[in-house]
Amino acid sequence: MGILQELQNRILIADGAMGTLLYSFGVDYCFEELNLLQPDRITKIHEAYIEAGAEVIQTNTYGANYLKLARYGLEDQVKDINAAAIQIAKKAANGKAYVLGTLGGIRSIKKSAATIEEIKRSFREQLYTFLLEGVDGLLLETFYDLDELKTVLQIARKETNLPIIAQVSIHEVAVLQDGTPLANAFKQLEDLGADVVGLNCRLGPHHITKALEEVPLPEKAFLSAYPNASLPDYIDGRLIYESDAEYFGECAVNLRNQGVRLIGGCCGTTPRHIKAVREKLQGLAPITYKDVKVKQTEPTITVLSKRSKPHLHEIVAKERSVIVELDTPKTLNTTSFMEGAKALKEAGIDALTMADNSLASPRICNMAMAAIVKNELGIRPLVHITCRDRNLIGLQSHLMGLDALGIDQVLAVTGDPTKIGDFPGATSVYDLSSFELISLIKQLNEGITFSGKPLEKKTSFSVAAAFNPNVRHLDKAIKRLEKKIKHGADYFISQPIFDEKKFLEVYEHTKHLSKPIYIGIMPIVSSQNAEFLHNEVPGIKLTDEIREKMARCGSDREKAKMEGIAIAKSLIDAAFDLFNGIYLITPFMRYDMTVKLVQYIHQKCANRVQERKITN
């Protein structure tokens, strides 16, 4: 009799965590390598779970795929590690338990962790070893990304008739991180051939039970649940689970009452937890009918108040638009910044952009200064958001704060690494790439949090993305723009260009794009400034002609300033008929220079209007 036949009539008890026990024994390296180095240790853990009452065990192969083993330099041992794991588990089971070949998810909230093609190749290598060595079924577990799970499930279903258990992991009760309701996800997995669908990891038994309350019994498949023991605590640099085994066993009864027929444990569970599950479920038959809890519909407000202005990407798509970057202060003296912001507003800018601790140096929070200039000066702020400084929690909180302040123009960027800034010992977070950040901001626009939970209101962010045209192979940079458009970018803001010929090249390479571009122009203040930009700032290169012009100014600051403005005007002239959007970067708070350039642009616009009138 096989697993599926047994599940027809009774509840099966699975094992608990492997990594938790190894971690508690002091193992802090690749758990899967122990299949080769210390097989007896893995065998004893399997045997302990079987003795505790587990009728289904899983191989020690959760991370035994090419992509994860490569972190340890073990990518060439995928077959050996997986084969050893299966042999160890089968020997330990000795006919007393079913053996599931475990294949873990690779992506979490970061789709950039691996492409679908990489996942397919990695999955197939592991899968074929399982099929060759012979397992009783496949366990696809800890998949946060539904598309990834559906992809590998289809491959597995095509290759084998073995029972397949497909388990997702969720951050919020009853909803996946992309907003898909859990019941809907289970139905999709069932339709793709999963024999058992369920949940594992991330949440404890209470919240997994709550999630399953909204899930009907599948038509053909069975339900499974492998909860964590509890929420972890962080003590002395280690994650500790302090769940009571008796409580876990009692929760297993609640899972059974939700229709679960395969019950095991994930992070934090031990043989004690599985023994408690066996004792509490003894004599209980699976349910064949359940009342599904109908979720109360939460109100979704599209926008609390109508936008009084069109978004920047809507403006620049139709007409001339000028935005100016003004760095927030490095000290608490905001006088010069506010004077500059006021002068730029009077000059007629469409938005004031503020970097997010540019060059990894701490400044007054750009969200705070954005709120001040918006409220006190009536300026539209465009806030840069880096992936460097905030984790997923901080990023979502920051964006929600911006929405609460009525700030809806953002630029999503990776951010300069901390080692180039004032605090080279600080940690760069980079939970996300700029691509993923763009996607998640657009997810907020759909009223869904990063974890998939309803926001009860849709944000209305217009999302700009960065563009570096100062590269050797411009076609590769354009590929990145196309990718950013796919992720949801509304428009682009470029690094400053210091070569008049470059504007035409950029135009020719980008004219097919469906999204507008604000082209970057930055006045230079001195020869020293020119050499620093050219030689030390990533993504910026100056022509020899410009460097020579600035060098001829010597130490005469006024002359250098006027030359810098003249150079910037020439660059504006070169870009004017090619791009509607001009993005001016203010150097060293010298806003008097950018004010003159804004005025120059408006005068050119007025001249063009007058020329058309005369022509007509």
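The backbone N or O of Ile393 lies less than 3.5 Å from no partner atom in the side chain of Ser397, so there is not a single donor-acceptor pair. Remark: side-chain polar atoms of Asn228 are not paired, donor with acceptor, to backbone N or O of Gly204 under 3.5 angstrom. The backbone N or O of Asn529 sits less than 3.5 Å from a side-chain atom of Ser526, completing a donor-acceptor pair. Side-chain atoms of Gln409 never come within 3.5 Å of backbone atoms of Phe461 as a donor-acceptor pair (strictly under, hydrogens ignored). Between the side chain of Arg557 and the backbone N or O of Val525, no donor-acceptor pair lies under 3.5 Å. Under a 3.5 Å cut-off, the side chain of Ser433 and the backbone N or O of Glu436 do form a donor-acceptor pair. Side chain of Asn470 to main chain of Pro496: a donor-acceptor pair is present (N/O by atom type, distance under 3.5 Å, no hydrogens or angles). Ser570 contributes a side-chain N or O that, together with a main-chain N or O of Ala566, makes up a donor-acceptor pair within less than 3.5 Å. No donor-acceptor pair closer than 3.5 Å links the side chain of His207 to the backbone N or O of Val173. Using modelled atom types, one side-chain atom of Asn535 and one backbone atom of Glu531 make a donor-acceptor pair closer than 3.5 Å.
Look at Arg390 and Asp356 and you find a salt bridge, because one of the NZ, NE, NH1 or NH2 atoms lies within 4.0 Å of a carboxylate O, short of that distance. Between Lys502 and Glu505, at least one side-chain nitrogen of the basic residue sits less than 4.0 Å from a carboxylate oxygen of the acidic one, meeting the salt-bridge criterion. A salt bridge links Asp592 with Lys561: at least one charged nitrogen is closer than 4.0 Å to a carboxylate oxygen. Note on Asp573 versus Lys604: salt bridge recorded, some NZ/NE/NH1/NH2 to OD/OE distance being below 4.0 Å. A salt bridge does not link Asp475 to Arg480: none of the charged nitrogens lies less than 4.0 Å from a carboxylate oxygen.
Between Pro362 and Lys330, the closest side-chain pair of non-hydrogen atoms is not below 4.5 Å. Using a 4.5 Å heavy-atom threshold, the side chains of Thr543 and Arg547 count as separate.
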Point to revise | Check against salt bridge (Lys or Arg N to Asp or Glu O under 4.0 Å), Lys442 and Asp490 | key: CA-CA 10 Å; Lys442 284 309 185 83; Asp490 293 304; 3.1 Å; yes

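Each salt bridge (Lys or Arg N to Asp or Glu O under 4.0 Å) pair with one or both residues in residues 514-529, not counting sequence neighbours, would appear here, but there are none.
For the atom pair CG of Leu578 and NZ of Lys511, the computed distance is 10.5 Å after rounding to the nearest 0.5 Å.
Applying the salt bridge (charged side-chain N to carboxylate O under 4.0 Å, His left out) test to Glu548 and every residue at least two apart in sequence or in another chain returns nothing.
Ring centroids of Tyr491 and Tyr518 are separated by less than 6.0 Å, placing the two rings close together. When ring centroids are compared, His171 and Tyr144 come within the 6.0 Å threshold.
In terms of heavy-atom proximity, Gly348 sits nearest to His602 at O-NE2, 2.8 Å.
Because its NZ or CZ atom is both nearer than 6.0 Å to the ring centre of Phe576 and within 45° of the ring axis, Arg320 counts as a cation-pi partner of that residue.
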